[in-house]
Amino acid sequence: MSEKNEIKLDPWGRPDIKDYSRLYDLFGIRPFNEVIDRMKKDNIELSPFIKRGIIFGHRDFDSKILKAIENKEKVAAMTGFMPSGRFHFGHMMTGLELIYFQKLGFKIFVGLADAEAYAVRHLPRKDLIRIGIEEYVANLIALGLDPKETEFYFQTNRKGSYHSLIQLFSSKITFNELEAIYGDITPGKIVSALTQAADILHPQLPEYGEYKHVVVPVGADQDPHLRLTRDLADRFKGDLDLEPPASIYHRLIRGLDGGKMSSSKPDVTIFLTDPIDQAKKKFMSSLTGGRNTAEEQRRLGGEPEKCPVYDLYLYHLVPDDVELTDIYKRCKSGSMLCGECKLFGSARLEKFLTEHQKKLEKAKDIAWSIVEIPKI
Ligand code: TRP
Ligand code: SF4
């Protein structure tokens, strides 16, 4: 077995990455820590997920993005979502990254990956379109992404030279290379991968605004697509004049069973559109980092590092650092037991979802009105 097979990043699988630091050596992702000083020097505000180490890695974020900011050149952030399942706390992480970049003045592109979802999840077109609008676009707007400053589009419906890119890309890649990157490959997956490369690179074309410096915020499972895209950009040097994109990688939030959070596991995944009672019920039955008995937990303390409840605090429900540190200490010391902790968390969850869902109805109307709907 080659070393790279030790951790397989399958963008269409359900990767369960235990040790993120292995990705530095195996794939050449750089630790995000190394760019933080330069961000501070540039007076760029650090987001909570940067300060909390949720963003653990990057490619060329300093040499492309920070440099462009320092040179006062325009910058963009681009990412995509497969509209095949409901929007959950894992997707919200990416949403907050986009909002963060938008506030820093980046142009935002959001691809609704309906072509990809059709190829790999096999849902009817009608469902993909409705989910794309009502789950993804609407939730992103309700979270605070400014629709006026964001370009949302469906992959099957992007106008202009975007589709030409996919055709051209197919001529500079071999079947063996695709197999080496993705393992099992099908025509649908090949087209999806090349479409994703077009998603990432098309903002550079003059007709889409000529954004030469693009950062792609994604979960680590998407890195194979970024390696392909960066390679393709290089192969067209002197012809299409495309820059390899930069990227940043976040740790994937865990589901309530400690595995991956995923739309296909609704019992252990909290969706932003879950009825409040249902969300609280799931939350209360979450696995924790607690001990077998109360006595043991008072003596040994809990293990927040292993706790999906703590993950929710860290990623979303406890934005205040002082408060989070306090929870961490009380958990570790055994002075707070999981029952008490969950009651606190459940109230937080209720407050967040209530406020979010209030914004959602209006956001849905906006979402239907701003995104062009595919004709087939
Ligand atoms: N493949 C991504 C996913 O499974 C979705 C996606 C499509 C994407 N195009 C993209 C992500 C461009 C980042 C950039 O979620
Ligand atoms: Fe998790 Fe809270 Fe229990 Fe600690 S006290 S293990 S953070 S549920």
Side-chain angles (χ1 to χ4, degrees), residues 9-15 76-85 87 90-91 93-94 97-98 108-117 119-121 132 136 153-156 158 162 166 182 189 191-203 214-226 228-229 245-249 252 254 256 258 262-263 283-291 294 296-298 300-314 317-318 324 326-346 348:
L9 290 179
D10 176 359
W12 295 297
R14 311 219 175 280
M78 169 328 114
T79 196
F81 299 91
M82 263 210 275
S84 50
F87 192 95
H91 300 120
M93 179 63 220
T94 313
E97 288 174 81
L98 293 175
I108 308 293
F109 293 86
V110 177
L112 297 163
D114 63 324
E116 178 182 6
V120 301
R121 300 278 188 261
Y136 291 83
Y153 65 92
F154 282 98
Q155 283 179 330
T156 58
R158 190 66 163 151
Y162 169 89
I166 302 171
Y182 296 106
K189 286 185 182 177
V191 174
S192 299
L194 298 178
T195 304
Q196 182 149 342
D199 286 332
I200 296 171
L201 294 172
H202 84 284
V214 179
V215 61
V216 184
V218 276
D221 59 318
Q222 294 294 307
D223 188 54
H225 289 308
L226 276 135
L228 173 73
T229 303
S247 46
I248 60 171
Y249 302 95
L252 300 171
R254 278 171 296 193
L256 304 177
S262 158
S263 313
F283 179 83
M284 290 306 286
S285 57
S286 172
L287 186 88
T288 70
R291 308 286 176 174
E296 208 180 310
Q297 188 156 346
R298 287 216 175 80
L300 300 172
E303 296 181 286
E305 299 79 9
K306 294 189 182 163
C307 178
V309 168
Y310 188 77
D311 258 17
L312 277 167
Y313 298 164
L314 178 75
L317 295 178
V318 184
L324 188 72
D326 181 57
I327 293 171
Y328 184 87
K329 283 192 187 142
R330 287 197 293 144
C331 170
K332 277 295 230 200
S333 68
S335 68
M336 172 173 65
L337 300 185
C338 296
E340 181 193 341
C341 182
K342 276 182 166 174
L343 282 177
F344 157 82
S346 164
R348 269 300 154 90

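First listed ligand is number 1; within each ligand, the first listed atom is number 1. Note that the numbering runs from 1 along the sequence shown for the chain.
- For F344 and Y313, the gap between ring centers is short of 6.0 Å.
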>> Before you tell me yes or no, could you show the steps for T79 and E97 under side-chain contact (heavy atoms from CB on, under 4.5 Å), namely the whole-Å CA-CA distance, both residues' side-chain angles and the distance that decides it to 0.1 Å?
In response: CA-CA 10 Å; T79 196; E97 288 174 81; over 6 Å; no

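- Less than 2.8 Å away from atom 4 (Fe) of ligand 2, the protein contributes these N/O/S atoms: C331 SG.
- Look at R291 and E303 and you find a salt bridge, because one of the NZ, NE, NH1 or NH2 atoms lies within 4.0 Å of a carboxylate O, short of that distance.
- Between F87 and F81, the two ring planes are tilted [angle within 30° to 60°].
- Residues satisfying the side chain to side chain contact (heavy atoms under 4.5 Å, CB included) criterion with T229, sequence neighbours excluded, are A197, I200, L201, P245.
- Atoms CZ and OG, on R254 and S286 in that order, are 9.5 Å from each other to the nearest 0.5 Å.
- One finds the NE2 atom of H225 at 10.0 Å from the OG1 atom of T195 (value rounded to the nearest 0.5 Å).
- No donor-acceptor pair under 3.5 Å is formed between the side chain of D199 and the backbone N or O of Q155.
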Quick check on ligand 1: any N or O pairs to the protein under 3.5 Å? One line per pair.
unit_1   : atom_1 : unit_2 : atom_2 : d
ligand 1 : 1 (N)  : E116   : OE1    : 2.9
ligand 1 : 1 (N)  : E116   : OE2    : 3.0
ligand 1 : 1 (N)  : Q196   : OE1    : 2.8
ligand 1 : 1 (N)  : Q222   : OE1    : 2.9
ligand 1 : 4 (O)  : Q222   : NE2    : 3.4
ligand 1 : 9 (N)  : D199   : OD2    : 2.7

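- With sequence neighbours left out, L343 forms a side chain to side chain contact (heavy atoms under 4.5 Å, CB included) with M284.
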